[in-house]
Amino acid sequence: MSDTLFSNFETVRYAGPDSDEPLAYRYYDADRVVLGRPLRDHLRFAVAYWHSLAMNGSDPFGAPTLQRPWMDRSDEMQAARDKADAAFDLFRVLDVPFYSFHDRDIAPGGDDLRSSLHNFHEMADYLGSKMQSFNTRLLWGTANLFSHPRFMAGAATNPDPDVFAFSAATVKHCMDVTKQLGGDNYVLWGGREGYETLLNTRVGQELDQLGRFLSLVVEYKHKIGFAGQILIEPKPKEPTAHQYDFDTATVYGFLKRYGLENEVKLNLEGNHALLAGHSFEHEIAMAASFGILGSLDINRGDPLLGWDTDQFPSNLQDTTMALYHVIKAGGLGLGGCNFDAKIRRQSIDPADLVHAHVGGMDHCARAFLIAASIVEDGRLDAALQERYAGWEAEAARDMLSGSETLESISDKAEAQNLSPKPRSGGQERLENLISRFF
Ligand code: XLS
Ligand code: NI
Ligand code: NI
């Protein structure tokens, strides 16, 4: 492999919290065993190909600011190979266990379906050969069904059946490649699956199209014996005004309607939670309670802005509480912490990309360690235990088990002439308890 953008960087090492080195892990000691497993296996960090290799810094008001060597190659397939070489060199520098991609991040689209698939498979083989000599594995694959103008009115929800078919073919091949590369998950983010105005939209029909599309994906997963998870990534707005996969609760309702709640889990993103008017921890706790927590796109948004800024996570309390709920849910399993996060448009040096990931990984590791200590301490758990203790009594459990009716409950309540006394929720006491861990 010839020189890449990252050849000058050594592999970043754990140096401990007191280190002054600008590029070192202070908390991410990958082999450190916490709650019975090494940090590496709890966190399962992934680099997102689109933000870190494909993104060029353009925004709605300005031209690209990031000029990467592979971006001005006239031979697009050579550019894709150069980009892949740089990607794996970045993975080496970070010593990161996973990566993730869209089909269009790793290979240029052609003019039609056949040429697009051809490019994609050729580059998948190239990545496969690189993965032989690197430790970095594939966390998930996905298809970009939103950038090309053919998808402007949606992919699965497009009024044109040919776009549905084009999308189905694209996803089929992307699932094949994800399996070929040993990916642990296949993700569907809704992209353009939503609408701008009801004047031109039949929402009922579009939801049925989306439900059918997802059923086809699940059937195909079983047909090819893909052992990974199928994940939907909720997002409430952007690019369309009304996205069908609004948030955890909406997606769960959708999965139930189409009978897919035991087949599909969620890839939850911090910034998307914020756009939905929720917190990341809310979305995680909701998904956990439905049994559909799959993986995390660990990033942050700007609370002052209404769009998806996809910044690297840096709010310690937010990340800690998010990871606390992940631990309480039993961990991420086949999922991971994917940095669906991009450097700012002025961060034009290759070093900025390295700093961003090292900081992000270290931040999450630190948050995880704090979350683990809250779990080990047990006082937060004990407070909840105590608050709900009334439900342990047999008479209370009967009300939930189906053995009581509204009438029988009423009879008993009247016989006891109930007069429940309000009890404090103790929020400030619990907030004070949590702040002691920081
Ligand atoms: C966009 C989404 C996207 C998905 C993958 O907002 O977060 O990046 O993670 O298609
Ligand atoms: Ni996002
Ligand atoms: Ni995302």
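For ligands, and for the atoms within them, numbers begin at 1 and follow the listed sequence.
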For the Ni ion (ligand 2): the N/O/S atom of D308 at shortest distance
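Checking each N, O and S atom of D308, the shortest distance to the Ni ion (ligand 2) belongs to OD2.
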Would you call [X]-[Y] a salt bridge at under 4.0 Å N-O?
X: D247; Y: K235; value: no
X: D377; Y: R379; value: yes
X: D184; Y: R137; value: yes

For D310, which part has a heavy atom under 4.0 Å from ligand 1: side chain, backbone, both, or neither?
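D310 to ligand 1: no contact under 4.0 Å from either part.
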Are more than 12 heavy atoms from other residues, nucleotides or ligands located less than 6.0 Å from atom CD of E10?
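No, not enclosed.
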Below 6.0 angstrom between ring centroids: does that apply to [X] and [Y]?
X: F134; Y: F88; value: yes
X: Y49; Y: H102; value: no
X: F164; Y: F213; value: yes

Would you indicate which of E233, Q243, E238, K235 comes nearest to atom 7 (O) of ligand 1 when only heavy atoms are counted?
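Going through E233, Q243, E238, K235 one by one, E233 has the nearest heavy atom to atom 7 (O) of ligand 1.
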Atoms of ligand 1 close to [X] [distance to a heavy atom under 4.0 angstrom, numbered from 1]:
X: W50; answer: 8 (O), 9 (O)
X: E269; answer: 7 (O)
X: D308; answer: 1 (C), 6 (O)
X: D340; answer: 2 (C), 3 (C), 4 (C), 7 (O), 8 (O), 9 (O)
X: D297; answer: 9 (O)

Could you report the tightest heavy-atom contact between P38 and A30, atom names first, then the distance?
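The pair with the smallest heavy-atom distance is CB-O, 3.4 Å.
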Should H272 be listed as contacting ligand 1, given a heavy-atom distance under 4.0 Å as the test?
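Per 4.0 Å heavy-atom rule, H272 contacts ligand 1.
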Is it true that N271 and N299 share a donor-acceptor pair across their side chains at a distance under 3.5 Å?
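Note: N299 and N271 side chains miss the donor-acceptor criterion.
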For T240 and E196, does a side-chain donor sit closer than 3.5 Å to a side-chain acceptor?
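T240 vs E196: no donor-acceptor pair found between side chains.
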Give the residue, atom name and distance (to 0.1 Å) of the protein heavy atom nearest atom 5 (C) of ligand 1.
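Looking at atom 5 (C) of ligand 1, the protein heavy atom closest to it is H102 NE2, 3.2 Å.
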Using the rule ring pair (Phe, Tyr, Trp, His ring centres under 6.0 Å), only one of F339, F98, F312, Y99 pairs with F45; which is it?
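Among F339, F98, F312, Y99, the one meeting ring pair (Phe, Tyr, Trp, His ring centres under 6.0 Å) with F45 is F339.
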Everything protein-side that's N, O or S and under 2.8 Å from the Ni ion (ligand 3): list it, residue and atom.
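Within the sphere that stays under 2.8 Å of the Ni ion (ligand 3), the protein atoms of type N, O or S are E233 OE2, E269 OE1, D297 OD2, D340 OD2.
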